[in-house]
Amino acid sequence: LVEEFNGVSLSITPKEKSGIFTFTDPELQDKITGLHEVQGFYLRETQPEKKKKLKAKTHDLLIDILHYHLQKIKSAYFSELKRIEDIKGRIRVKESVDNYYETEKAKIDQKFGFNFIKFEKDLKDLITGKKPLKFFPFSLFFADVFEKGGFDIVLANPPYINTKRGIDTNLKEIFKNNYKCAIGQFDLFCLFIEKSMSFSNIICYIVPKPIINNENYQVCRKMILENGLEDVVIGSDIFKAASVESCIFLANKNSIKSISV
């Protein structure tokens, strides 16, 4: 669901960002293209040892891209911080000093599209293996598919995780900034549905039955209807041991009908 690492896109066609930095730097894009190529070799390789080496090379190239971006903007970022620190030193009232610095630093973080200190710490944790990847460069790992326009069909049983069950606050904000379905007490399965609609004409999902009438899923229902809902199967025995009833739906953009619920 998250394709970026602290603002660095690994998409084949990265989105333009607000602020002074966009990710259209030629050298950076060359590195990303190289990563796509190695990933392609990895996906097509059948020999276990060669596949293992290509996987390690993919990881190294990924780290190189993130490190390149970090170094690219490091001097500019700290130049901005020095400017506000110089001004802070001339302010005499302590309360005003703290308020000024926090406000201006937040503006700098927004301008650069990320928090530098967090970026550096997360990158170190990624390199040392202290923390697992908290993002998945989806269009990178399926580069060949996206170059041909996307998937023919997506079949999925996505995770059922509601935001009230303890999803990380920062992650929740990322979801809200990137998904229309991420409103209210949303569930991750809705985000998977929304994402799959962006790269496949036909989708078939097994999801919790409450999607049919729960107010938190209203936006998701509307998106499914607008993308050609064809069939819904409701039953209590889809998963024998499940604690929540499920349903199966099929939507096809090629046969969009006028449906109201």
Side-chain angles (χ1 to χ4, degrees), residues 1-39 56-141 143 167-179 182:
L1 293 174
V2 180
E3 291 192 65
E4 298 182 350
F5 177 80
N6 286 327
V8 177
S9 172
L10 294 177
S11 171
I12 299 171
T13 54
K15 298 177 182 178
E16 292 292 327
K17 296 269 187 175
S18 59
I20 67 169
F21 285 103
T22 57
F23 305 105
T24 54
D25 175 88
E27 187 173 349
L28 179 59
Q29 285 307 304
D30 285 344
K31 289 178 178 290
I32 292 177
T33 299
L35 181 57
H36 290 164
E37 291 176 353
V38 174
Q39 180 64 26
K57 187 174 181 179
T58 300
H59 182 269
D60 291 342
L61 289 171
L62 175 60
I63 296 299
D64 180 55
I65 288 172
L66 298 176
H67 186 264
Y68 171 85
H69 181 71
L70 182 66
Q71 296 302 315
K72 185 78 174 178
I73 64 177
K74 187 174 183 178
S75 60
Y77 183 86
F78 277 105
S79 177
E80 291 278 351
L81 281 185
K82 186 178 185 305
R83 178 182 62 79
I84 65 173
E85 286 174 354
D86 290 343
I87 296 174
K88 183 182 76 171
R90 298 195 294 269
I91 301 175
R92 302 302 178 187
V93 182
K94 184 180 184 305
E95 289 76 11
S96 299
V97 170
D98 295 338
N99 182 63
Y100 168 80
Y101 187 79
E102 290 177 5
T103 301
E104 293 302 312
K105 185 178 183 301
K107 290 180 181 178
I108 292 174
D109 289 343
Q110 183 177 12
K111 178 180 178 181
F112 281 73
F114 79 120
N115 182 307
F116 175 83
I117 297 174
K118 183 177 184 300
F119 187 110
E120 189 171 45
K121 181 181 183 303
D122 288 349
L123 181 57
K124 287 180 179 178
D125 288 343
L126 186 61
I127 293 172
T128 58
K130 289 182 179 179
K131 290 184 179 180
L133 293 177
K134 290 187 177 181
F135 64 99
F136 182 75
F138 196 85
S139 57
L140 164 64
F141 290 119
I167 293 179
D168 179 82
T169 302
N170 293 329
L171 195 56
K172 191 184 298 185
E173 287 303 310
I174 293 175
F175 290 151
K176 287 183 178 179
N177 291 331
N178 288 279
Y179 293 92

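What's counted below: heavy atoms across the whole structure, side chains too, no hydrogens, waters or symmetry copies. Note that the structure is a prediction, hence the values are computed from the model and not measured.
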Exercise. Do the non-hydrogen side-chain atoms of Ile174 and Tyr179 ever get within less than 4.5 Å of each other?
Worked result: no
For this session: Could you list the residues that satisfy side chain to side chain donor-acceptor pair (under 3.5 Å) with Asp60, not counting sequence neighbours?
Result: none
For this session: Decide yes or no on side-chain contact (heavy atoms from CB on, under 4.5 Å) for Tyr101 and Leu81, but give the supporting numbers first.
Result: CA-CA 9 Å; Tyr101 187 79; Leu81 281 185; 4.2 Å; yes
Problem set entry | Pairwise distance NZ(Lys105) to CD(Glu85) - rounded to 0.5 angstrom | 10.0 Å
For this session: Would you please name every residue forming a side-chain contact (heavy atoms from CB on, under 4.5 Å) with Lys57, sequence neighbours left out?
Result: Val38, Leu61
Exercise. Would the number of heavy atoms belonging to other residues, nucleotides or ligands and lying under 6.0 Å from NZ of Lys172 be above 12?
Worked result: yes
For this session: List for me each residue that meets side-chain contact (heavy atoms from CB on, under 4.5 Å) alongside Thr103, sequence neighbours excluded, and say none if there are none.
Result: Asn99, Lys107
Exercise. For Ser96, which residues count as a side-chain contact (heavy atoms from CB on, under 4.5 Å) partner, sequence neighbours excluded?
Worked result: Ile91, Val93
For this session: Kindly write out the residues that satisfy side-chain contact (heavy atoms from CB on, under 4.5 Å) with Glu27, not counting sequence neighbours, or none if the list is empty.
Result: Asp25, Lys31, Tyr68
For this session: Not counting sequence neighbours, which residues clear side chain to side chain donor-acceptor pair (under 3.5 Å) with Lys88? List them please.
Result: none
Exercise. How far does NZ of Lys176 sit from CG of Leu171, to the nearest 0.5 angstrom?
Worked result: 11.5 Å
For this session: Could you tell me which non-hydrogen atom of Ile84 sits nearest to which non-hydrogen atom of Tyr100, and how far apart they are?
Result: O-CE2, 3.4 Å
For this session: Would you name the heavy atoms of Thr58 and Gln39 that are closest together and state the gap between them?
Result: CG2-OE1, 3.2 Å
For this session: With sequence neighbours excluded, tell me which residues meet side chain to side chain donor-acceptor pair (under 3.5 Å) with Asp86.
Result: Lys82
